[in-house]
There are 2 protein chains.
Amino acid sequence: MAAQPARDAERTRAEILEVATREFSDNGYAGARVDEIAAKTRTTKRMLYYYFGSKEQLFVAVLEQAYTTIRALEQELDVEHLDPVDAIRQLAELTFDHHESHPDFIRLVSIENIHRAEHIGTSSVLSRLANPALDVLARILERGRAAGRFREDVDPLDVHMVISAFCVFRTANQHTFDAIFKRDMLDPARREHYRTMLGDLVLGYLTAR
Amino acid sequence: MAAQPARDAERTRAEILEVATREFSDNGYAGARVDEIAAKTRTTKRMLYYYFGSKEQLFVAVLEQAYTTIRALEQELDVEHLDPVDAIRQLAELTFDHHESHPDFIRLVSIENIHRAEHIGTSSVLSRLANPALDVLARILERGRAAGRFREDVDPLDVHMVISAFCVFRTANQHTFDAIFKRDMLDPARREHYRTMLGDLVLGYLTAR
DNA sequence: CTTTGAACGAACCAGCTAGTTAATTGTAGG
DNA sequence: CCTACAATTAACTAGCTGGTTCGTTCAAAG
């Protein structure tokens, strides 16, 4: 088979982005080293500046890609035909699984929050990615309310927030939680417990008297 | 009154720690600058090394102080005489208020998690600070179970985790959440809503059929 | 007083780090 | 072919950064 072409802009760009994602996620924004990112690539530091302009713009690109990936996956959910209660549980578990399998993303979000979202604040890409899962959620809640199963006064974004809070905390704070309470929230043996617990939690809230 | 003595080891130490807390919290571990910390102090960089030895040890000292402060406050709660349901709500709200008024602490915890808790992992101080609030919580749950008000199978640490997750997420992720969903979770106008919601959430879980 | 050790300050340094310069090579279109 | 331009490379730099050196000053004990 043909060797990969010596020059492939798309591949080079993608590779830089991939390595940068890992480096920023592992070391934080200030802790990540441009030289280190370049070294772990099959290309050079100059290419990084050629394609992305600066360390900061590279970081923005990393964030944009991470969010875009995750939002795309959220779209795949098809819960319209399910019972509202089952739908909520399924949505929660999808988010749960998703967060668990994308620790890099959670770390990037934490890093970006430490920087007060100053990078994505200026990103036009991100602001257009407004959440489709929110619409899905809103429709589920509407059906649940109509069926008299859910409380009347619930805001979809609040429900989304609870699901996120649970999933994000479990991965984002795993290390300090383990250090202090000697409990590894990501131990596979506890995975099902937490997954079920999240559904119980959200549904307990939605169906409370 | 007498001017402050020209030399006061305790005050110097405390001032360095205070400034360092702000700087680490604002910029992350790698982003914080030793020179900047020193400059914002009434002393010099040399003193910082004199008292703390290194940037890393200074960061550990900051974390230890932050955790110690917060744990001490948790101790003050006296809910033994309350109805279990009221006690849970009060505990949740105490945590809520606490997190809200200590954003620095949350940021430091996030930073430390990005570094995989490698700093507090070696701290003997922190491992001894095992959570007294957990005992309080365990006793409340026990009383609630005995009275037939709470489900039987609930682990105190799981309840603590839910409360933390909600409170931590609200402050730690406020910036990205606001950037993406255009909702400021720390808007004072929404404070009561979230405070009540947290109690509803936890009690909904504890009293679910 | 004098001694002693803790507390302090200024200048310094070696290595690092983001970003740049300018020259070189592959490749597609004519 | 060959030309024009995109893609790539290596070497360089100016400024920063954590950490250190070493000399000075204060205050309490004797």
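Within every chain, numbering begins at 1; the chains are lettered A, B, ... in the order of the sequence lines, protein sequences first and strands thereafter. It should be emphasised that the depicted structure is a prediction, and the values quoted were computed from it without experimental measurement.
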Review point. Starting at CD of B:Glu10 and ending at P of D:dA27, how long is that distance when rounded to a whole Å?
Key: 17 Å
Review point. Residues two or more places apart in sequence or in another chain: which of them pass side chain to side chain donor-acceptor pair (under 3.5 Å) with A:Glu56?
Key: none
Review point. OP1 or OP2 of C:dA6 sitting under 4.0 Å from any side-chain N/O of B:Tyr51?
Key: no
Practice item. Indicate whether OP1 or OP2 belonging to D:dA7 is found under 4.0 Å from a side-chain N or O atom of A:Thr43. Key: no
Point to revise | By ring-ring contact (aromatic ring centres under 6.0 Å, His included) - contacts of A:Phe59 (at least two apart) | key: A:Phe24, A:Tyr29, A:His119
Review point. Does a nitrogen or oxygen in the side chain of B:Thr12 sit under 4.0 Å from OP1 or OP2 of C:dA7?
Key: no
Check your understanding: Where the side chain of B:Met47 is defined as all heavy atoms beyond and including C-beta, which of D:dA6, D:dT9, C:dA7 is the nearest nucleotide?
Key -> C:dA7
Review point. Salt bridge (charged side-chain N to carboxylate O under 4.0 Å, His left out): which pairs involve residues 158-175 of chain A, sequence neighbours left out?
Key: A:Glu100-A:Arg170, A:Asp158-B:Arg183
Exercise for review: If a pair satisfies ring-ring contact (aromatic ring centres under 6.0 Å, His included) and one of its residues is in residues 93-113 of chain A, list it, with sequence neighbours excluded.
Suggested key: A:Tyr67-A:Phe105, A:His98-A:His102
Check your understanding: Please give, in whole Å, the distance from D:dG18 P to B:Gln57 CD?
Key -> 15 Å
Exercise for review: Nearest 0.5 Å please: distance from the CD1 atom of A:Ile111 over to the CD1 atom of B:Ile114.
Suggested key: 4.5 Å
Practice item. For B:Phe52, answer base if it contacts any base atom (sugar-phosphate contacts may also be present), sugar-phosphate if it contacts only those atoms, and nothing otherwise; contact means non-hydrogen atoms under 4.0 Å. Key: nothing
Revision key, fill the gap. From CD1 of B:Ile16 across to P of C:dA7 the rounded distance in Å is 11 Å
Every protein N/O within reach of nucleotides 16-22 of chain C N/O, cut-off under 3.5 Å:
unit_1: C:dT17; atom_1: OP1; unit_2: A:Arg33; atom_2: NE; d: 2.6
unit_1: C:dT17; atom_1: OP1; unit_2: A:Arg33; atom_2: NH2; d: 3.4
unit_1: C:dT17; atom_1: O5'; unit_2: A:Arg33; atom_2: NE; d: 3.4
unit_1: C:dA18; atom_1: OP1; unit_2: A:Ala32; atom_2: O; d: 3.4
unit_1: C:dA18; atom_1: OP1; unit_2: A:Arg33; atom_2: NH1; d: 3.4
unit_1: C:dA18; atom_1: OP1; unit_2: A:Lys55; atom_2: NZ; d: 3.2
unit_1: C:dA18; atom_1: OP2; unit_2: A:Val34; atom_2: N; d: 3.0
unit_1: C:dA18; atom_1: N7; unit_2: A:Lys45; atom_2: NZ; d: 3.2
unit_1: C:dG19; atom_1: OP2; unit_2: A:Tyr49; atom_2: OH; d: 3.0
unit_1: C:dG19; atom_1: OP2; unit_2: A:Lys55; atom_2: N; d: 3.0
unit_1: C:dG19; atom_1: N7; unit_2: A:Lys45; atom_2: NZ; d: 2.8
unit_1: C:dG19; atom_1: O6; unit_2: A:Lys45; atom_2: NZ; d: 2.4
unit_1: C:dT21; atom_1: O4; unit_2: A:Arg46; atom_2: NE; d: 3.0

Study note, to complete from the structure: Rounded to whole Å, the CZ-P distance (B:Arg42 to C:dG9) equals 11 Å
Exercise for review: Could you pull out all residues at least two apart from A:Phe166 that satisfy ring-ring contact (aromatic ring centres under 6.0 Å, His included)?
Suggested key: none
